[in-house]
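Count residues from 1 along the sequence. Bear in mind the structure is a predicted one, so any value in this text is a computation, not a measurement.
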Amino acid sequence: MARKTNSHPDVLVSINPATLERLGEVRLASAEDVRRAVAEADAAFPAWAALGVEGRAKYLLRARDYILEHVDDICDLISKENGKPRLEALSAEVFLITDLITYYCKRAKEVLAERTIPLHNPLIRSIKSSKIVYEPLGVVSVVSPWNYPFSIPMSGIVFALLAGNTVVFKPASDTALIGLKIDEVLRKGGGLPEGVFHTLIASGRAMGTALFEPPVRKVVFTGSTEVGKKIQEVAARHLVPTVMELGGKDPMIVCEDADLDLATSGAVWGAFMNCGQVCASVERAYVHRSLFDRFVSLCVEKTQRLRIGQDVNHDVDIGPMANEEQLATVEAHVQDALAKGARVLCGGRRPPGLRGYFYEPTVLVDVNHSMRVMTEETFGPVLPIMPFDTEEEAVRLANDSIFGLTASVWTRDRERGEALARRIQAGTVTVNDHAYTYGICETPWQGMKESGIGRSHSDEGLLEMVFPKHINLDHSFGFMKRRMWWFPYSREAYEVQKMAVRAFVSLRNVPRFLASVATRGDYRRTLY
Ligand code: NAD
């Protein structure tokens, strides 16, 4: 959590959201600092690109080893500045990145290797060949949120660097110190050459638009749909492509044959991990009416067992929310639901006796889609549960959203799970688990509808960081002086091309086409 000081408007004070104690101060970058960083990254690009994948991987593997050497410090800092328990910092932030670096430093060479495009038509194939070569783009800007302040930016940064781009990184100001730790990991730990990587602690509004305009060649933004749209507008003015990983309102569908114990533990973890501040958390649960009451009472029982507080002795499940604004949004959503007839079965308040931005994990019933808590992103520890009678209804409710990030289906029947997964509008649908695939580096992370554009993680995410340049080569070796499609145009050329059109449709017509070239003497003479 961070606040600006009144006496020094360009200084940010980082605050522990559990205790409200000061953790440190950081100078804010100006719009001019941002422009300078982009220019320096642009100047450093050719030398970095020229190192090749294996040359660049060495730096990233060194950075990975630095993370492992300092793992306790990193988890402590994430927990102190962001609020999540250290176990979550380790499993959802650090592990993902050390694994991603290890795997993709090996795999990238294969993913980014040039490839031949098989040309299907023998007429073209006999004199031409085509290939794709993957070229780095140039400067990539990475702008990230506070909820996973280490793993989200690092995964974009690692892919961008590995693919041969230079990077300008702007962390969320609420987690500025973690942003600076990433800078330390890459520049001190990895030893990146000067200019290749820049970190700017800047306020979103005051930093100007230089991160979204040329010479920046790609924007990798993770954050709210509202801010994502603003950035997309700026980038679109310059045709700068983007990857947008935005908000979610992820549904969980619990079928009548679900394993109740598994599904309720999954619901409680999916809704309350990271204090519910997860783009892919269970934001709404739809449960078959036949097991609704038992599902609700088990969820309440398991929720009441969660231990809330600051993680000092590894005996806490839920930390504070990361900032006051997000806490206010959660309170507003719960109040709106209560005013429209919802009931709180547990939680629904700030826990007495705790100083920081805590909110008790909350289970709500009697909810419907007129409530903000069922349609807008709550991004907090709230689990609203609604019954359904038919699968048709469950799918309709799940898809009744502007978002489409992830979803989960809970059933003992794998075929049923897959059939339902195919009908839900979401970038990822998991059966009998929720959200965890963010931790698998080789599967894509992506949103449908207003949850985003493009993808991160996976081979497809790595390919977002390169341009697939097409090179077409000629193998006629001067034998053909002209192409069929060149000047001069004539009736003979028209007749020959008519045959060619037929030859492209079916190989059976090729002999007639070749004969037509051979018999049109004038035309043939211009070709050879
Ligand atoms: P946010 O949109 O407020 O901020 C994200 C980043 O953008 C921060 O670095 C912020 O400083 C910066 N920013 C804000 N206004 C800006 C502006 N006008 N110009 C340039 N930069 C600006 O999001 P947040 O509150 O930090 O994070 C929560 C949101 O992120 C939620 O909506 C959540 O769903 C989403 N999120 C999505 C994913 C995903 O993978 N889809 C992952 C994590 C979080």
Side-chain angles (χ1 to χ4, degrees), residues 26-27 29 32-70 74 97-98 100-109 111-113 133-144 150-171 176-202 207 210-211 213-220 240 456 461-467 469:
V26 185
R27 191 187 74 80
E32 184 46 38
D33 294 330
V34 180
R35 275 194 293 276
R36 197 178 317 116
V38 170
E40 285 173 15
D42 195 33
F45 167 64
W48 179 246
L51 285 180
V53 175
E54 281 167 336
R56 297 187 294 264
K58 284 185 193 143
Y59 292 91
L60 295 166
L61 290 167
R62 272 206 297 269
R64 177 203 61 186
D65 293 345
Y66 188 85
I67 296 173
L68 293 175
E69 280 160 34
H70 297 84
I74 293 172
I97 294 309
T98 51
L100 179 137
I101 295 176
T102 308
Y103 181 69
Y104 271 101
C105 279
K106 276 195 225 120
R107 176 149 180 79
K109 209 173 157 207
V111 178
L112 302 179
V133 292
Y134 293 105
E135 288 190 349
L137 304 166
V139 183
V140 171
S141 63
V142 175
V143 178
S144 60
F150 192 78
S151 58
I152 287 178
M154 274 297 272
S155 51
I157 292 164
V158 167
F159 270 14
L161 291 173
L162 193 55
N165 307 286
T166 52
V167 172
V168 181
F169 162 47
K170 194 210 90 64
L177 299 183
I178 302 166
L180 293 178
K181 181 59 79 178
I182 288 176
D183 196 70
E184 178 188 318
V185 161
L186 289 164
R187 296 203 306 131
K188 184 174 164 206
L192 285 178
E194 208 48 43
V196 166
F197 179 71
H198 299 257
T199 303
L200 297 159
I201 309 300
M207 72 181 184
L211 287 186
E213 298 167 349
V216 169
R217 298 292 167 213
K218 187 130 197 177
V219 177
V220 178
V240 174
S456 49
L462 185 58
L463 290 170
E464 293 274 6
M465 304 296 182
V466 286
F467 188 89
K469 179 186 275 182

Query raised in the report: Side chains of Arg187 and Val196: does their closest heavy-atom pair fall under 4.5 Å?
Result: no

Requested in this report: Tell me, with the steps shown, if Val167 and Val139 meet side chain to side chain contact (heavy atoms under 4.5 Å, CB included).
Outcome: CA-CA 6 Å; Val167 172; Val139 183; over 6 Å; no

Query raised in the report: Going through the checks in order, is the side chain to side chain contact (heavy atoms under 4.5 Å, CB included) test met by Leu463 and Leu112?
Result: CA-CA 8 Å; Leu463 290 170; Leu112 302 179; 4.1 Å; yes

Report summary line: Nearest heavy-atom contact between Lys188 and Tyr66 is NZ-OH, 3.7 Å

Report summary line: Interatomic distance, NZ@Lys181 vs CE@Met154, rounded to 0.5 Å, equals 12.0 Å

Query raised in the report: Between Phe467 and Tyr134, does the ring centroid distance fall short of 6.0 Å?
Result: no

Query raised in the report: What orientation do Phe197 and Phe169 show, parallel under 30°, tilted 30 to 60°, or perpendicular over 60°?
Result: parallel

**Report entry** Beyond-backbone contact of Ile157 with Val140, side-chain heavy atoms, under 4.5 angstrom
**Finding:** no

Report task. Evaluate the side-chain proximity of Leu162 to Cys105: yes if any heavy-atom separation is below 4.5 Å, no if none is. Result -> yes

Report summary line: Separation between CG (Leu137) and CG (Asn165), nearest 0.5 Å, reads 5.0 Å

Query raised in the report: Judged by atom type as modelled, is there a donor-acceptor pair below 3.5 Å linking the side chain of Arg35 to the main-chain atoms of Ala210?
Result: no

Query - Side chain to side chain, Tyr59 and Leu51, heavy atoms closer than 4.5 Å - result: yes

Query raised in the report: Atom CZ of Phe45 and atom CZ of Arg217: how far apart are they, to the nearest 0.5 Å?
Result: 9.5 Å

**Report entry** Working for side chain to side chain contact (heavy atoms under 4.5 Å, CB included), residues Leu462 and Tyr104
**Finding:** CA-CA 9 Å; Leu462 185 58; Tyr104 271 101; 4.1 Å; yes

Report summary line: Of all heavy-atom pairs linking Ala49 and Pro136, the shortest is CB-CG, 3.8 Å

Query raised in the report: If we only count heavy atoms from C-beta on, is the Ser155 to Ile97 side-chain gap below 4.5 Å?
Result: yes

Report task. Please lay out, stage by stage, how Leu186 and Leu60 fare under the test side chain to side chain contact (heavy atoms under 4.5 Å, CB included). Result -> CA-CA 7 Å; Leu186 289 164; Leu60 295 166; 4.1 Å; yes

Query raised in the report: Could you give the distance from OG (Ser141) to CD (Glu213), rounded to the nearest 0.5 Å?
Result: 10.5 Å

Requested in this report: Calculate, to the nearest 0.5 Å, the distance between atoms NZ and CD belonging to Lys218 and Glu464 respectively.
Outcome: 4.0 Å

Requested in this report: Using a 4.5 Å cut-off on heavy atoms from C-beta on, say whether the side chain of Leu161 contacts that of Leu192.
Outcome: yes

Query raised in the report: With sequence neighbours left out, what residues match Arg27 under side-chain contact (heavy atoms from CB on, under 4.5 Å)?
Result: Asp33

Query raised in the report: salt bridge (charged side-chain N to carboxylate O under 4.0 Å, His left out): which pairs involve residues 57-70, sequence neighbours left out?
Result: none

Query raised in the report: Is there a side-chain contact between Leu211 and Val168, using heavy atoms and a 4.5 Å cut-off?
Result: yes

**Report entry** Side-chain heavy-atom pair Ile178, Pro171 within 4.5 angstrom cut-off
**Finding:** no

Requested in this report: Give, for atom CH2 of Trp48 and atom OG1 of Thr166, the distance between the pair rounded to the nearest 0.5 Å.
Outcome: 10.0 Å

Query raised in the report: Between Val240 and Pro214, what is the shortest heavy-atom contact and its length?
Result: CG2-CD, 3.8 Å

